[in-house]
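Numbered from 1 within each chain, the chains take letters A, B, ... in sequence-line order.
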Amino acid sequence: MIKAIRGTRDLLPPDTALWNFVEAAVRDVFRAYNFQEIRTPIFEATELFARGVGEETDIVAKEMYTWHDQARLFSDWALELLEDVREKVGGSHEKTLEYLSSQQAQIETDKGKAQSLTLRPEATAGIVRAYIEHKLGDRGLNKLFLIGPMFRRERPQKGRYRQFYQINAEVIGPPSSGSDSPARDGEVLEMLATLLDRLGITDWNLELNSVGCANDRAKFNEALRNALEPVKDKMCADCQRRAVTNPLRVFDCKVPEDQPIIATLPRISQFLDEPCREHFAAVKEILTKVGVRFSENDRLVRGLDYYTRTAFEFTHGALGAQNAILGGGRYDGLSEALGGPPAPGIGFAIGEDRLILSLQEKTPAESVVRKPDVYVAPLGAGTNGEAARLARELRRHDLVVELGDENFRLKKSFEAATRAGAKYILIVGENEVNAGAFTLKNLATGEQISVARGELAQKIKNG
RNA sequence: GUGGGAGUAGCUCAACUGGCAGAGCAUCGGACUGUGGCUCCGACGGUUGCGGGUUCGAUUCCCGUCUCCCACCCCA
């Protein structure tokens with residue numbers, strides 16, 4: 001049997017109804033804040049992510065699905081080559097080696113022409129690429145959202161898949177459009193709080209930090225390395241490794257014995273320059289004013305290199321180790337890193353799979369499925385046509401209609417209607433067709449009446 | 001990538017120390033030819049994840065492999 005490959009999965013009814021429910025709510029809320037949809041390709045040039053997300057991040061270093069666009073060409077080459085060698089190996093070896101060298105050189109040349117492509121591991125790089133490519137800065141401030149699959153080659157576990165879905169939103173524009181204003185940070189965070197509340201997810205926690213600008217971070221990293229040097233030998237193996245490779249990550253450590261040491265380390269908050277400090281203070285002031293609760297966490301660090309200043313995470317208890325339901329922040333230098341104009345921005349990514357997980361306790365998928373209003377049951381040879389005509393009329397009145405088959409015995413039609421969760425069953429038998437009035441039965445109350453064709457839709461709608 | 005747990009019917013799970021692979025639910029048919037949910041009877045459903053080994057005999061023991069779950073790592 002051919003199965004879905006590791007880390008991917010099928011989303012089936014009725015669960016898909018919950019996904020649609022979430023996405024409808026998202027679109028509704030985003031519209032109120034004047035966000036508009038953007039759809040970018042699912043694969044991009046590898047270089048985009050290398051430069052945008054950062055060569056040294058885990059995502060780029062070991063989690064991307066990357067291939068050469070002409071991989072098939074190469075395998076064809078290899079097969080031909082083997083065949084040729086098989087033929088020629090009968091002659092002198094020197095000639096064979098010579099032949100191999102010339103073919104290898106040809107492959108190297110072709111490989112240079114093949115483009116390295118990558119399935120997108122996140123959305124922001126592609127959106128900023130589109131912003132630069134289409135000069136969206138000329139429109140002023142852009143408020144964009146994107147819903148779609150992302151791909152990372154990690155070991156799957158609860159709430160983590162190799163193909164997973166993100167709901168992204170970005171506010172980006174030239175500095176003159178106010179894209180770097182703390183007002184935008186405040187608006188985005190308030191929108192998220194509104195969205196989660198709207199979905200009925202109340203027990204979320206917003207953790208907020210400022211990671212400063214590039215200069216701040218360089219100074220901070222330096223100070224951190226110096227502070228870790230004398231104490232790192234007393235820390236856990238992971239921290240000893242982090243102290244060298246990525247000192248910021250030491251703050252992620254959960255080992256209890258290390259906490260007293262971590263508590264003494266310098267914090268990014270002490271290294272923010274004046275503009276960054278003011279920006280952060282302004283964001284917090286707005287949140288307080290609009291009544292969005294948050295907790296400051298100067299240990300919050302993000303895994304992508306492009307983040308500057310505001311960084312945040314919404315967590316939820318019911319998700320196990322993957323407790324981050326969404327994360328985001330400001331990325332003021334990203335456009336320039338990709339060769340574009342200055343275009344400060346702030347955005348976030350919601351892990352839709354995890355959002356659904358945390359929703360499922362309170363909102364089962366069945367509760368958002370729209371059940372049929374009526375099951376139309378043809379009865380006896382030659383009634384399928386009349387039943388189809390009635391179903392067509394009722395569907396035009398925006399009713400959800402399930403249609404049976406004339407070969408079903410009436411008992412079977414009733415069972416099918418009950419299983420489908422229909423509210424009514426409409427019997428279309430010889431008696432009804434002759435009379436021009438149809439038997440309509442409420443499956444919950446058992447009430448059964450005869451209704452003329454013209455009044456059916458109204459009767460069903462009014463319950 | 002590392003460590004631990006688990007894979008038996010569509011679903012939830014049994015099967016003693018190695019001895020004919022089962023039940024409930026679901027599905028289909030009948031009791032009941034135009035009235036569902038309840039009941040009763042019957043049927044369908046399996047290469048026990050896959051591949052090898054030990055054995056007279058393997059769901060059971062051993063090895064390999066795949067997938068899922070949990071944790072690490074990291075992140076959404």
A:Arg160/A:Glu154 salt bridge by N-O under 4.0 Å criterion: yes
Taking the P atom in each of B:rU12 and B:rU54, what is the distance between them to the nearest angstrom? 35 Å
Give the rounded distance in Å between these two atoms: CD1 of A:Ile356 and P of B:rA76. 18 Å
In Watson-Crick or G-U wobble terms, with both distances under 3.5 Å, the base opposite B:rG51 is B:rC63
Quick one: A:Lys158 NZ to B:rA71 C1', roughly how many Å, whole number? 13 Å
Find the distance A:Gln157:CD to B:rG1:C1' and express it as a whole number of Å. 13 Å
Carboxylate-amine/guanidinium proximity below 4.0 Å for A:Arg453 and A:Glu386: yes
Quick test of your reading of the model: are A:Glu393 and A:Arg395 salt-bridged, counting only N-O distances below 4.0 Å? no
Plane angle bin for A:Phe271 and A:Phe220 - parallel if under 30°, tilted between 30 and 60°, otherwise perpendicular: tilted
Identify whether the distance between the nearest side-chain nitrogen and carboxylate oxygen of A:Asp373 and A:Lys423 falls below 4.0 Å. no
Starting from C1' on B:rC75, measure out to CE on A:Met64 and report it in whole angstrom. 15 Å
A:Glu229 side chain vs A:Asn226 backbone, donor-acceptor pair below 3.5 Å: no
Report yes or no: does A:Lys461 contribute a side-chain atom to a donor-acceptor pair with the main-chain N or O of A:His397 at less than 3.5 Å? yes
pair_partner(B:rA23), Watson-Crick or wobble, both distances < 3.5 Å, evaluates to B:rU12
Whom does B:rU17 pair with, Watson-Crick or G-U wobble, provided both distances fall under 3.5 Å? none
Side chain A:Arg160 and base B:rC74 donor-acceptor under 3.5 Å: yes
May I ask you to say what A:Ala417 touches in the nucleic acid, namely base, sugar-phosphate or nothing, with a heavy-atom cut-off under 4.0 Å? nothing
Could you check whether A:Glu133 pairs with A:Arg129 (Lys NZ or Arg NE/NH1/NH2 to Asp/Glu carboxylate O, under 4.0 Å)? yes
With under 30° as parallel and over 60° as perpendicular, where do the rings of A:Phe30 and A:Phe145 fit, or are they tilted in between? perpendicular
Using atom C1' in both nucleotides, what's the gap between B:rG22 and B:rC61 to the nearest angstrom? 23 Å
Considering only atom P, compute the distance from B:rG45 to B:rG3 and round it to an integer number of Å. 42 Å
Regarding A:Lys143 and A:Glu170, does a basic nitrogen lie under 4.0 Å from an acidic carboxylate oxygen? no
Short side-chain to backbone donor-acceptor contact, A:Asp216 and A:Cys213, under 3.5 Å: yes
Members of residues 17-39 of chain A that approach RNA chain B, where some heavy atom sits under 4.0 Å away: none
If pairing requires Watson-Crick or G-U wobble contacts with both distances under 3.5 Å, which nucleotide is the partner of B:rC68? B:rG5
Residue whose closest nucleotide on RNA chain B lies nearer the 5' end, A:Ile5 versus A:Glu63: A:Ile5
Whole-Å gap separating C1' (B:rU67) and CG (A:Asp10): 14 Å
The side chain of A:Gln166 is closest to which nucleotide in this list: B:rC74, B:rA76, B:rU27? B:rA76
Separation of B:rC75 atom C1' from A:Leu300 atom CG, nearest Å, is 12 Å
Assign A:Tyr161 to base, sugar-phosphate, or nothing according to its heavy-atom contacts below 4.0 angstrom with the strands shown. base
Rounded off to whole Å, could you give me the CD-to-P distance for the A:Glu313 and B:rA76 pair? 7 Å
Considering Watson-Crick and G-U wobble pairs with both distances under 3.5 Å, what does B:rA76 pair with? none
Output the residues of residues 148-156 of chain A in contact with RNA chain B, where contact means a heavy atom of the residue under 4.0 Å from an atom of the strand; sort by number or write none. A:Arg152, A:Arg153, A:Glu154, A:Arg155
At under 4.0 Å between heavy atoms, which parts of nucleotides 32-37 of chain B does protein reach? Answer with one letter per nucleotide, 5' to 3': B base, S sugar-phosphate only, - none. SSBBBB
Distance check, P atoms only: B:rC28 and B:rC44, in whole angstrom units. 16 Å
Rounding to an integer number of Å, can you tell me how far A:Arg162 CZ sits from B:rC74 C1'? 14 Å
Would A:Arg9 count as a cation-pi partner of A:Tyr161, with NZ or CZ less than 6.0 Å from the six-membered ring centre and within 45° of the ring normal? yes
Validate the cation-pi geometry between A:Lys412 and A:Phe408: distance from NZ or CZ to the six-membered ring centre under 6.0 Å, angle to the ring axis within 45°. yes
